[in-house]
Amino acid sequence: MEDLNAGPYATRRADAGSGVADAVVHEVARLLRRLAVDPDFADVIDLRSLPMADADRASLRQRLGDGEIDAALNLAGLTRIRDTAYSGVWWARHADADNRCVLEQIIVARVPELLMAHLADIDAAAVRLSLELSRAQGKPEHA
Amino acid sequence: MSAVSTARPAHPAYDQQGEQSDETRVDAAMRSFVREFGVTAALHMESCVRCGMCAEACHFYVATGEAKHTPIHKLEPFRRAYLREAGPFAPLVRGLGIVKKLRIDELQKWQELIYDSCTMCGRCTMVCPMGIDIAELVKEARHGMFKAGLVPDRLALMDRAAQKWGSPATPGEDLPDILAEAAKQYGVDIPCDLPQADILVTAAPAELGEHTKALASAAKILKRLGVKWTMHQGGFDASNIGFNNGDLALQERLTRAIIDTALKIGAKTVLLPECGHAYGAARWEAAKWYGKALPVRIVHMTEFLAELIESKRIQVKNVGETVTFHDPCQIVRRGGLQAAPRTVLAALGMDLIEMKDHGVTGYCCGGGGGVVSNVRASPLRHKVFEIKRQQIEATAAKHFVTSCGQCQITFEQGAKFAHWERKTESLLELVADNLVD
Amino acid sequence: MPEAMLLGDLLRQMGISRRAFLKYASYMASLMALPPSVAGVMADGLAKARRQAVIWLSLQECTGCTESLTRSFSPSLEDLIFDFISLDYHHTLQAASGEAAEAARRQSMRENRGKYLVVVDGSVPTADGGVYSVIAGRTNMDMLAETVEHAAAVIAVGTCASFGGLPQADPNPTGAVAITKLVSGKPVINIPGCPPMPQAMAGTITHFLSFGTLPELDALQRPRAFFGETIHDRCYRRSFYERGMFAKSFDDEGARQGWCLYELGCKGPVTYNACASLKWNGGVSFPIQSGHGCIGCSEPRFWDRGGLYRPLSAGTTDVGKVIGIAAAAGAALGAGAAALARQRRASTSAKEA
Amino acid sequence: MELLDFARGTALAIAFAVFVAGTLWRLAGVLLLPRIRDFSPAREGAPPAMLGAVRAVLRRMWPRKEFVQATMFATINSYVFHIGLALVVFGLAPHILFIRNLTGLAWPALPSNLVFGIGVITLAALVGALARRLVHPVLRLLSHTGDYLSWLMTVLPVITGLLATSHLGARYETLLAVHILSVAALLVWFPFGKLMHAVLFAFSRGATGMRFSHRGVNV
């Protein structure tokens, strides 16, 4: 399990956290309350653009904790999506083919969009499956 | 107040001499002001940063509070003349008209600032952060004013008299009679016109008038020394009115009269009387006319008395009482003789109480540089006199002594105007009256 | 030819799901400091777009820009861009060469008339009729003019294409000029940098594909998302600059402590690029972080600005020579003025005598 | 960026040329005027002329005690901005680099934030000086355009310098260019206005020092 805390843009200065972690947790709490009243609500916090020192990220990670799901997505490089101890709050780490983290997000939603199969993919899959069935039973294909 | 000599619209008082046209007057003023412009004068004209500190030192500004009395302001038209005539950018400044040409009404307006409200005492020179010798520049400005015929009438009158008689008030021919009478009055021999002598003694105009006692005092001391001395019709008035008026030709003639006479009679020393501008004109500028060091020593009465006392060639009684001393500007601030009078007073056993401002930064009496002679300036002079009067009063000293005839006249006139019971004593007479037999 | 397939369908056949589009779009949105919610829209836009024909003209260039974008040594997320575009012409990358390559270019221009993108790297030599850089017997100037005529937009990649770069450095023997000097009436986007940041190139093309519009540009026609701030503004050594703690040499105590490199000629304060925030080689580092001052490579004429190691506050001309001549002239004028004053003085005395 | 290149390059070169040529023109134009010799004998025990001059230059750095009270504001305020300007120009690291590039000389810098503070104080003193020049009757009478232009040419580099350091008001390259151009303007104006006192003060005080040490007066 590679270290989730090695953020993509870890700054060299390891001085104490700059208090950004608290701010983010407050934001997450606010979004979670929104989700609680509106199931279709979804929002994402991009950690890359925040002035996060390593210590901030570690404390944020530790405060949100881990949940039951740990999903690994192979999409032009590994993407790990874990839910946190607070259901509805997910932690996503996108890496490229060399497993260098290019993006880290906190997603507040019932389920991150990335995990949901895309409708277009589903249609194509349905077509493919029916083709496979027809081939398996030797019948000619029909559109 | 002297009447304005020629009909002019209601203008601040200024006098004008001669029939030159306005243009020639301006041109004469500008060129002669700049004619003997040396490096020092140019450096000073270039260095003013208009900080205004010189006003704080000038008794005319301190007494009146009027900004026009700011010392460097007295040179404003002449600063422009310098920039147009002798400055490093003169061709540019003239060509592009950056600096406006001098105008006659400016010169006329400035006459009052250059003559009535400046004694050339040099106190401003002592405060200028750029070290500009403003007093010297005012004197050079007077050269220009004189050439332009813009001198206060009273001074112009005295100038003409001096040109004729060699002294503003006394024709040379009368000298023997005056000396004889003084000799009789004070019972001391005052030689005159000896063909040969070691010391040529000169006098100030007032000493040839009412203050003949000074001549007698000098005679008493010189008799005690047993030196061979004389006064001489060829050169007897050392106060040099040309020096004050800015009349360079007269200054040269009066100076040469004294030096040539001294050389003629083989004198090794020229003894200057108790007079301020005599020291300036003779001690520091006599050699200028000859272009080389003079073979004769020029000494002021004050330093002469100090030398005699220090060398024990004369002894003085112990007077003992308290005294305060007024440092004449040309003798102390611009002459360097601060110690001499104090040596004399110490020898007289007098308890010197210095005024608040004394020595090289002492306030001027307010009458030097022709101001006391320039009757038109009296009201201003009386106002300025108040500063000096209060400082003298503050010492509450019994005696008040100085070593310059002009200052003495200014103090006497000032005291009369201010109804102030204060006698001004001359250092020379004090010594003469207290010689140990 | 059947109507070209939509990117979404086309790439799915190659095993790239719409999820990959979403991941790519989220990454690009974050790079371009767009709000995270834009990622969804961007992904759909990409999916619905057709494969974008791109003609890459390499003129008077060193191939550094291509190197930077393709980054052959380690594939990265940006490489997905190559799946979204059909690179119809690129000297270094395409298999064909000679006439076949030129034929492919002209064919793509015909088929995608008015819709293809022209990406140019390298400056265009104009001296002596542009003879200093010729492809297939035709000068760069001709080829550029012909290629951009029906293009949807032109992207000048690298400082050479954007501002003339190294070839234009004094004395500029080939008369090299930037693309904007030759192309008019056509939207041109400059992505300077020597080389430019791969994220900037990928981000700009993605923005064009997904939104069909050009990203917001600054006065030098550079995308503000990547060239809106100076290196200095985002530099992690800024606190040392404020306190005046500067490294005096490349390995003195200050340098080892990671102090500011201002004294060693860093041009960070006057250089607009995203090196300090996006960093290079996949976020590993950027010039200042590895101890060398920024040389201002994304600014016009950065070669001719008086030396890379000359501090920003130092003058750039050799003032010594100038001062020498000026001193002589001044002294002479002074002497002349003094002589003139003496002469005027003498004439006054003569008149009076 | 063109402005910054122009400022760092041509503008500074022209400014230095005019500064050096103008300063030497004015200095030579004055020093080569006839030197009026004083043939009178010096006061006994008077120091040699040059010593008298140097003493006067140093002694006149501070007013005599009789005048300190009367010139308190002018003296203190002037020294605040003179010393302030000196500390800023010779204490700030980028300035030192500018000088090193010009002359090869360099020395340790003061902390940049400290210099910024000094710069603000200098600016305040300069504004104070202008306020006094506009209000005080003597200064109003004496001052002419040259004085106000000299003030402006001195204060602009301070203002633009403070703005550039704090990256306020425009893009940095514009701020830096404007700052350098304001310094160029100062250099061009220097020889033609009263800023020349920075050079002439020594000669002016020296001349008076010589004249009076000859007479035995500690001027």
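Only this structure's heavy atoms are used, side chains among them; waters, hydrogens and symmetry mates stay out. Letters go in sequence order (proteins before strands), and every chain restarts at 1.
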**Asked** Counting only heavy atoms not in R238(C), do more than 12 fall under 6.0 Å of its CZ?
**Response** yes
**Fill in**
Scored by heavy-atom pairs under 4.5 Å with chain A, the best of G8(C), A33(C), S17(C) is S17(C)
**Check: G77(A) main-chain N/O paired with K23(C) side-chain donor or acceptor under 3.5 Å** = yes
**Asked** What distance do N281(C) atom CG and D98(A) atom CG have between them, rounded to the nearest 0.5 Å?
**Response** 11.0 Å
**Request:** Tell me, for A42(A) versus chain C, whether the close heavy atoms (under 4.5 Å) come from the side chain, the backbone, both or neither.
**Result:** neither
**Asked** Which residue out of E113(A), M116(A), H118(A) racks up the most heavy-atom pairs below 4.5 Å with chain C?
**Response** H118(A)
**Complete:** Here the pair of heavy atoms bringing V102(A) nearest to Y27(C) is CB-CE1, 3.6 Å
**Fill in**
Most heavy-atom pairs under 4.5 Å with chain C, out of D43(A), V44(A), D121(A), belong to D121(A)
**Fill in**
Closest non-hydrogen atoms of D46(A) and P36(C), given as atom of the first, atom of the second and distance, are CB-CG, 4.3 Å
**Prompt:** More than 12 foreign heavy atoms under 6.0 Å from CZ of R110(A): is that the case here?
**Reply:** no
**Message:** Is S37(C) close to chain A through its backbone or its side chain, or both, or neither, when contacts mean heavy atoms under 4.5 Å?
**Reply:** neither
**Message:** Taking CZ in F41(A) as the centre, count heavy atoms belonging to other residues, nucleotides or ligands within less than 6.0 Å. Is the count above 12?
**Reply:** yes
**Asked** What closest approach, in Å, do R19(C) and L115(A) show between heavy atoms, and which atom pair accounts for it?
**Response** NH2-O, 2.7 Å
